[in-house]
Structures are given as structure tokens and as C-alpha cells.
Participant: 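Below you'll find the structure I mean.
Because the structure is predicted, anything quoted here is derived from the model rather than measured. One-based numbering along the sequence shown.
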Amino acid sequence: MIAFSKNGKGLPVILIHGFCERKEMWKTFSDHLSTSYTVYCPDLPGFGESTLQEEKTNLESIAVNLSEWMDVEGIRKPVIIGHSLGGYVTLALAELLGNEIKGIGLFHSTAMPDDMVKKKTRNKTITFLKKHGVDKFMDSFVPPLFAQANKDIHADTIDRLIEAGKTSSLKTVIAYTEAMRDRKDRMEVWKNFAGKNLMIAGEMDMAVPLANSRLHQSSSDLYHELQGVGHMGMFEAQTKTLEILRKFLSMS
């Protein structure tokens, strides 16, 4: 079952959250964009109020789950924008559904697979999770997602994101860590997508380095780098990223 929120009328826009996040993270964006669009914010299977039945998963099966949900809800020709892990899912949906999607956006995400260094980091994360559990992991995971200069001003948001992440089960967090580690290269999906595509990058993003993001620039219909921002531009640069999304949606 996919739990989701729905607001507004018009072109369907699906906002997909990232790793250990929930649909509620998009509330401000949903409130603003729903004045012109129908905004759907799903919980990915295993996060929030959505269930994950399997011990293991992959991006392809998550994409199938979401495409089935879209069919049930009658969502046609949406623009799909994903944060981090949500961007990986967005690309898997683009590969699965092709022209049935009007536009895609990578919000602090990438079409590239993990390199060997990143894969080793994922494996260390799994080892840590098995030893210490989700709560201790979330305490250390969330703060570095924000640029150092933005941590104090967003302390309450960081606390909320940590607590939201702690509602995730150990099974889910490990399953998605493995799915991200093992995901395939979808740069050709990104380059060959028939609709419009958007890339939002953070200058100070430690999860998706700027050099990685810039490899997508030449094949982006709209590309934007956020100065002084880490991995959480929807909070660190809320007004600016809302403006970028509105511009992209007007193009789609």
C-alpha cells in the first residue's frame, strides 16, 4: 500500500522523498504548488505510512509499485521530482514508463551509479545499522546533509527529520541502503528522456558532489546550482527552490 497526500488541481506533480524521509517533508512545497497543480506526495514503500513486504528490494520494484499506484489513482502524464533516493526512483520510473511521464527532476540526486568508494560506504552503513540500530544511525546521518553554515538556523528541522527517520524499521533502512548501492547507471535514461528534465545541485552537497551534478548539466533543460547549500535545498533554500520548481513546471 502506498500512502500519499494529494492537494490542488491541474497538471499532476509527484514529489518523491529521499532516504529515511517521509511525505510530510514536502508540505510547504505541496501547499505552494497546489495553487496551480495537483500535487501528490507518496511515502515510498517501508517509509512513513507505506508498507514494505519484502526483506530486500530494488529500485525497479519500487518503480513498479509506484506505477501501479499511479494507475489506481488515475495519474496521467505527471511531472515527477525526486530528492536524493527519490531521484533514483524517478529515473527508474522514467525508464519504466517513458513517454507516459511529462517531466522529471533530480533534486540533489544523480543518474550515475555508486562508485566503489560509495559502495564501501554503503556497506559500512549496513554494518553500523546492524550493530547500533536505526536511532543511533539517524542521529549521525541527518546533520551532515545540511551545509555547516546552515545547521544552527535549521536545528528544529534537523531534529524533525531525525525523529521522522527513526520511525523507519531496520529492515527498511538496510533494504534501501542495499538498493542504492546496487542501482544501475541511468545516465542514458536521463539523456534520452523525451520530456523536460531538471537538475538542482547544492554547492556544499556532501552526498552528491557538485562535480557529479555538473556531468548532467549539458543534458538538462533546466540546471541550477544552489550556493552555500548542502543536500537539503528544500529547507536550506526554500524560496529559491520553489521558484526553480515553478519555472520548471511552467516549461513542462
Participant: What pair of heavy atoms forms the shortest contact from C20 to S168, and how long is it?
Facilitator: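 Result for this residue pair: CA-OG, 4.3 Å.
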
Participant: Do I104 and L215 belong together in a cluster built from hydrophobic side chains that touch within less than 4.5 Å?
Facilitator: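 Hydrophobic grouping puts I104 with L215.
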
Participant: Can D114 and R181 be counted as an ion pair, charged N to O under 4.0 angstrom?
Facilitator: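 Salt bridge: no.
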
Participant: If only atom types and distance count, is the side chain of T127 paired as donor or acceptor with the main-chain N or O of N123 below 3.5 Å?
Facilitator: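 Yes, T127 side chain to N123 backbone: donor-acceptor pair under 3.5 Å.
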
Participant: Without swapping roles, check the side chain of S84 against the backbone of S109 for a donor-acceptor pair under 3.5 Å.
Facilitator: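 Side chain of S84 to backbone of S109: no pair is present.
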
Participant: So, using ring pair (Phe, Tyr, Trp, His ring centres under 6.0 Å) as the criterion, who are the partners of H216 when residues are at least two apart?
Facilitator: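 Expected list: W190.
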
Participant: Could you check whether atom NZ of K6 has more than 12 heavy atoms from other residues, nucleotides or ligands sitting under 6.0 Å from it?
Facilitator: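 Result for NZ/K6: open.
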
Participant: List for me each residue that meets salt bridge (charged side-chain N to carboxylate O under 4.0 Å, His left out) alongside D31, sequence neighbours excluded, and say none if there are none.
Facilitator: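 So D31 forms a salt bridge (charged side-chain N to carboxylate O under 4.0 Å, His left out) with K27.
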
Participant: Please identify each residue that fulfils ring pair (Phe, Tyr, Trp, His ring centres under 6.0 Å) with Y88, with sequence neighbours left out.
Facilitator: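 By the ring pair (Phe, Tyr, Trp, His ring centres under 6.0 Å) rule, Y88 matches no residue at all.
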
Participant: Look at the aromatic rings of Y40 and W69 and report parallel, tilted or perpendicular, splitting at 30° and 60°.
Facilitator: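 The rings of Y40 and W69 stand perpendicular, inter-plane angle above 60°.
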
Participant: Would the number of heavy atoms belonging to other residues, nucleotides or ligands and lying under 6.0 Å from CG of D115 be above 12?
Facilitator: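 Yes - once you tally the heavy atoms of other residues, nucleotides and ligands closer than 6.0 Å, there are more than 12.
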
Participant: When you check the gap from the basic side-chain N to the acidic O, do K240 and E243 get nearer than 4.0 Å?
Facilitator: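 Yes, this pair counts.
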
Participant: Drop me the distance from R186's CZ to L106's CG, to the nearest 0.5 angstrom.
Facilitator: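 With rounding to 0.5 Å, CZ (R186) is 11.5 Å from CG (L106).
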
Participant: Would you say the side-chain atoms of T157 and R160 include a donor-acceptor pair closer than 3.5 Å?
Facilitator: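 Per modelled atom types, T157 and R160 side chains form a pair under 3.5 Å.
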
Participant: Same cluster or not: are M206 and F128 linked, directly or through other Ile, Leu, Val, Met, Phe, Trp or Tyr residues, by side-chain heavy atoms under 4.5 angstrom apart?
Facilitator: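 M206 does not cluster with F128.
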
Participant: Taking only residues at least two apart or on different chains, which pairs with a member in residues 129-153 satisfy salt bridge (charged side-chain N to carboxylate O under 4.0 Å, His left out)?
Facilitator: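 Qualifying pairs: D139-K166.
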
Participant: Can you name the nearest heavy-atom pair linking N58 to A179, along with the distance?
Facilitator: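 Distance-wise, the nearest heavy atoms are CA-CB, 3.9 Å.
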
Participant: Report yes if some heavy atom in the side chain of I244 is under 4.5 Å from a heavy atom in the side chain of L226; otherwise report no.
Facilitator: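 Yes, close enough: below the 4.5 Å cut-off.
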
Participant: Surrounding NZ of K196 (heavy atoms of other residues, nucleotides or ligands, distance under 6.0 Å), is the total greater than 12?
Facilitator: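 It does not: K196 NZ has 12 such atoms or fewer within range.
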
Participant: Go through the steps for L97 and M70 under the test side chain to side chain contact (heavy atoms under 4.5 Å, CB included), then give the verdict.
Facilitator: CA-CA 11 Å; L97 299 177; M70 288 164 57; 3.8 Å; yes

Participant: Would you say V39 and S5 make side-chain contact, with heavy atoms under 4.5 Å?
Facilitator: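 SC-SC contact between V39 and S5 ruled out.
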
Participant: Kindly indicate whether the side chain of H83, heavy atoms from C-beta on, has any atom under 4.5 Å from the side chain of F19.
Facilitator: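 They are not in contact (no side-chain heavy atoms under 4.5 Å apart), so the answer is no.
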
Participant: Can any side-chain N or O of E203 pair as donor or acceptor with the backbone N or O of V229 at less than 3.5 Å?
Facilitator: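 Answer holds: no.
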
Participant: Tell me whether I75 is reachable from L245 by hopping between hydrophobic residues (I, L, V, M, F, W, Y) whose side-chain heavy atoms are closer than 4.5 Å.
Facilitator: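 Yes: a chain of side-chain contacts under 4.5 Å links L245 to I75.
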
Participant: Check C41 against S30 and note the closest heavy-atom contact, atom names and distance.
Facilitator: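 Looking at all heavy atoms of both residues, the shortest contact is SG-CB, 4.1 Å.
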
Participant: Nearest 0.5 Å please: distance from the CG atom of D43 over to the NE2 atom of H17.
Facilitator: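 One finds 5.0 Å between CG of D43 and NE2 of H17.
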
Participant: Return yes if some donor-acceptor pair links the side-chain N/O of N197 with the main-chain N/O of S219 below 3.5 Å, else return no.
Facilitator: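 Yes; judged by distance alone, with no hydrogens or angles, the pair exists.
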
Participant: Can you tell me how far NZ of K77 sits from CD of E100, rounded to the nearest 0.5 angstrom?
Facilitator: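 Here the rounded value is 7.5 Å.
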
Participant: Above 12 or not: heavy atoms from other molecules or residues under 6.0 Å from CD of E49?
Facilitator: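 Counting neighbours around CD of E49, 12 or fewer heavy atoms of other residues, nucleotides or ligands fall under 6.0 Å, so no.
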
Participant: Quick check: do M232 and N150 have side-chain heavy atoms less than 4.5 Å from each other?
Facilitator: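 With C-beta onward as the side chain, the pair stays apart.
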
Participant: Donor-acceptor check, side chain of R183 to backbone of A92, threshold 3.5 angstrom: yes or no?
Facilitator: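 Absent.
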
Participant: What are the two closest heavy atoms between A94 and F193, and how far apart are they?
Facilitator: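 So the minimum-distance heavy-atom pair works out to CB-CD1, 4.1 Å.
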
Participant: Under the salt bridge (charged side-chain N to carboxylate O under 4.0 Å, His left out) rule, collect the residues that match up with K184, sequence neighbours excluded.
Facilitator: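 Residues passing salt bridge (charged side-chain N to carboxylate O under 4.0 Å, His left out) with K184: E95.
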
Participant: Is a donor from one side chain sitting under 3.5 angstrom from an acceptor on the other, for S61 and T57?
Facilitator: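 Present: a donor and an acceptor within the cut-off.
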
Participant: Please round to the nearest 0.5 Å and tell me the distance separating atom NE2 of H132 and atom CE of M138.
Facilitator: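 It is 15.5 Å, given to the nearest 0.5 Å.
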
Participant: Is the backbone N or O of V208 less than 3.5 Å from a side-chain atom of N212, with the two atoms forming a donor-acceptor pair by type?
Facilitator: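 Judged by distance alone, no pair lies under 3.5 Å.
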
Participant: Check the hydrophobic clustering (I, L, V, M, F, W, Y; side-chain heavy atoms under 4.5 Å; chains of links allowed) and say if L161 and M204 are grouped together.
Facilitator: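 As far as the 4.5 Å side-chain criterion goes, M204 and L161 are not connected within one cluster.
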
Participant: Between L242 and L33, is there a side-chain heavy-atom distance shorter than 4.5 Å?
Facilitator: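 Side-chain contact under 4.5 Å: yes.
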
Participant: Please answer whether the main-chain N or O of P113 pairs with a side-chain N or O of D185 as donor and acceptor at a distance below 3.5 Å.
Facilitator: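 Not at all, since once roles are kept as given, no pair shorter than 3.5 Å links the two residues.
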
Participant: Mind checking whether F29 and T241 have side chains closer than 4.5 Å, heavy atoms only?
Facilitator: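 Side chain of F29 against side chain of T241, heavy atoms only: contact under 4.5 Å found.
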
Participant: How about P45 and I62: do any of their side-chain heavy atoms sit closer than 4.5 Å?
Facilitator: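 SC-SC contact between P45 and I62 confirmed.
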
Participant: Residues in ring pair (Phe, Tyr, Trp, His ring centres under 6.0 Å) with F235, at least two apart?
Facilitator: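 Applying ring pair (Phe, Tyr, Trp, His ring centres under 6.0 Å) to F235 gives none.
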
Participant: Drop me the distance from I2's CD1 to L44's CG, to the nearest 0.5 angstrom.
Facilitator: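 Nearest 0.5 Å value for the CD1-CG distance: 7.0 Å.
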
Participant: Grab the two heavy atoms, one from F146 and one from E236, that are nearest each other, plus how far apart they are.
Facilitator: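 Closest approach of F146 to E236: CD2-CG, 3.6 Å.
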
Participant: Where do K56 and A175 come nearest, in terms of heavy atoms and distance?
Facilitator: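 Looks like CA-CB, 4.3 Å.
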
Participant: Would you check, one step at a time, whether the test side chain to side chain contact (heavy atoms under 4.5 Å, CB included) holds for S213 with E225?
Facilitator: CA-CA 9 Å; S213 297; E225 293 178 5; over 6 Å; no

Participant: When clusters are formed by joining ILVMFWY residues with side-chain heavy atoms under 4.5 Å apart, either directly or through shared neighbours, do I158 and I153 land in the same one?
Facilitator: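 No, because I158 and I153 fall into different hydrophobic clusters, even though each may have its own neighbours under 4.5 Å.
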
Participant: I'd like to know whether R76 forms a side chain to side chain contact (heavy atoms under 4.5 Å, CB included) with D71, so could you lay out the CA-CA distance, the side-chain angles of the two residues, the decisive distance to 0.1 Å, and finally the verdict.
Facilitator: CA-CA 8 Å; R76 300 285 182 264; D71 281 342; 3.9 Å; yes

Participant: So I16 and L85, do their side chains get closer than 4.5 Å, heavy atoms only?
Facilitator: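 With C-beta onward as the side chain, the pair stays apart.
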
Participant: Nearest 0.5 Å, what's the NZ-OG distance between K247 and S252?
Facilitator: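 It is 12.5 Å, given to the nearest 0.5 Å.
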
